[in-house]
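One is the number of the first residue; the rest follow in order along the sequence. Side-chain atoms are counted along with the backbone in the values below, which use heavy atoms only and exclude waters and symmetry mates. Just so you know, ligand 1 is whichever comes first in the structure, and atom 1 is the first atom listed for that ligand. What you are looking at is a predicted structure, and each value in this text was computed from that prediction instead of being measured.
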Amino acid sequence: MEIYININKFPNVKVIIGDFMDKGKNYEVKDIKLAGQGRLNLEIAESRMQALMKVKERFEKEKPLKGVRVGLALHVTKETGILVRTLIAGGAEVAITGCNPLSTQDDVAAVLAEEGIKVWAYKGETKEDYYRYLNNVISFKPNITIDDGCDLVSEIHKKHQNLIKNIIAGCEETTTGIIRLRAMEKDKALKYPMIAVNDNNTKHLLDNFYGTGQSTIDGILRATNVLFAGKNVVVVGYGSCGKGVSLRAKGMGSNVIVTETDSFRALQAALDGYRVMPMKEAAKIGDIFITVTGNKNVIDISHIKSMKDRAILANSGHFDAEINIKELKNISKPRRVRPFLEEYNVNGKKIFICGEGRLINLAAAEGHPSEVMSTSFCGQALACEYAVKNKGKIPNKVIQLPAEIDDHIAQLQIEAMGIEKDTLTIEQKKYLESWQEGT
Ligand code: NAI
């Protein structure tokens with residue numbers, strides 16, 4: 001159940017959302033009675049995550065994570081539920097919270113709580129609860145951290161350095177988290193090794209490109225039900241996510257415009273057939289704007305002021321910093337017109353913001369499809385195993401998993417899809433490794 005309270009009407013009333021939660025010794029979730037639906041959703045996810053299930057089967061036999069405490073701050077979705085079960089199958093103890101106030105699937109949090117897993121998460125978390133829950137995971141004294149966006153790692157480094165001696169490694173799921181970790185490494189602030197799961201080829205291709213492409217459009221459709229065909233869709237940032245979003249919007253008949261600050265990516269967008277222009281120009285003609293940069297204020301208030309009446313804005317980058325909603329709120333009060341859609345009045349024009357500017361695929365939809373998260377989470381599970389096997393040998397840096405592990409994930413996924421690839425003959429292998437033969 002969602003409760004909408006107009007706090008403007010009751011300025012002196014402090015709303016403590018956490019008090020409405022179902023609480024147990026080891027959990028805090030919205031409604032434990034949602035566990036039945038959560039279990040069914042996990043069943044569906046499991047049936048579509050065959051690559052990860054293969055890892056789970058092996059983990060059950062070999063127990064590579066025996067006695068290891070894994071603390072997670074990930075989007076609490078049905079797919080994450082399967083990752084949690086995989087880590088437990090491998091012998092790990094697990095505690096989990098969300099990594100974004102709007103991305104938790106409450107039925108999944110409920111079923112995890114029912115299965116006895118330490119879980120603190122609900123959709124619509126206050127900032128206080130968000131950090132309280134992160135600290136609950138930290139109090140669990142994890143040996144491995146799995147993060148999506150680096151908030152868990154950052155909190156440990158800022159306030160709990162005494163726990164670092166027990167941490168073997170951390171695993172990071174997204175581009176924004178990697179950017180923050182690299183900044184920590186550069187400042188010599190990083191105190192334990194980090195595995196950049198985000199940078200696996202199998203994660204990047206399926207998740208950032210195909211996953212964000214499909215699920216971002218899904219989120220905007222669920223929030224607005226707008227027709228994409230014939231609309232000017234402005235995609236801000238032409239990285240892996242932006243490329244996926246552009247491709248899917250084009251497939252739905254939109255006229256895609258890309259804005260970029262990187263010359264090579266701007267060139268690539270142009271050669272892929274999109275119009276490329278600065279935001280100050282795109283702002284005037286766009287109907288739907290989608291930010292996927294990992295950067296701040298890429299749609300600023302001056303851009304919003306020059307937009308057409310009824311422009312729709314959505315963000316699919318990790319943080320809600322990409323659209324300058326703070327400034328927008330200074331000039332207009334939002335009106336909630338339906339779940340995950342707010343209308344602002346800007347100089348007489350209606351401007352719509354989806355999902356409060358939080359990553360729309362998880363706020364208004366269900367995140368990436370299970371097949372996509374299967375490869376991402378094979379990466380997470382195998383990264384945990386790699387960390388344990390190499391305990392004490394990995395430097396306090398951001399590292400990538402060896403290419404063989406990435407290849408293994410790709411192989412698991414093509415097998416799951418019933419695809420058979422070719423193999424090199426001995427002659428071909430030799431030819432590719434030699435330099436003597438020419439024309
Ligand atoms: P990326 O680094 O490959 O691409 C970002 C692009 O944005 C770069 O090409 C950069 O030049 C461009 N950019 C930066 N500032 C800009 C500006 N002011 N105007 C126009 N372009 C600008 O990153 P990737 O992997 O595409 O991820 C983007 C964001 O999406 C990150 O925050 C990442 O964490 C997040 N993400 C979200 C997912 C989701 O489920 N919604 C899934 C995966 C990543």
Centroid-centroid under 6.0 Å between Y210 and H368 rings: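 No.
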Set of residues satisfying side-chain hydrogen bond (donor to acceptor under 3.5 Å, both in side chains) with respect to Y238, sequence neighbours excluded: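 Per chain and number, Y238 pairs via side-chain hydrogen bond (donor to acceptor under 3.5 Å, both in side chains) with D272.
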For Y130, side-chain hydrogen bond (donor to acceptor under 3.5 Å, both in side chains) partners two or more places apart: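 Once residues adjacent in sequence are excluded, the partners of Y130 under the side-chain hydrogen bond (donor to acceptor under 3.5 Å, both in side chains) criterion are D151.
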Y122 and Y133 aromatic ring geometry - parallel, tilted or perpendicular at 30°/60° bounds: perpendicular
Distance-only donor-acceptor check, side chains S376 and D207, under 3.5 Å: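 Looking only at side-chain atoms, D207 and S376 do form a donor-acceptor pair, the distance falling under 3.5 Å.
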side-chain contact (heavy atoms from CB on, under 4.5 Å) partners of Q37, counting only residues at least two apart: L40, N41, D107
For ligand 1, the residues whose heavy atoms come within less than 4.0 Å (ordered by chain, then number):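 Ligand 1 is contacted, at a heavy-atom distance under 4.0 Å, by T174, T175, T176, D207, N208, T212, V236, G237, G239, S240, C241, T259, E260, T261, D262, R265, V292, T293, G294, N295, V298, S316, G317, H318, L359, N361, H368.
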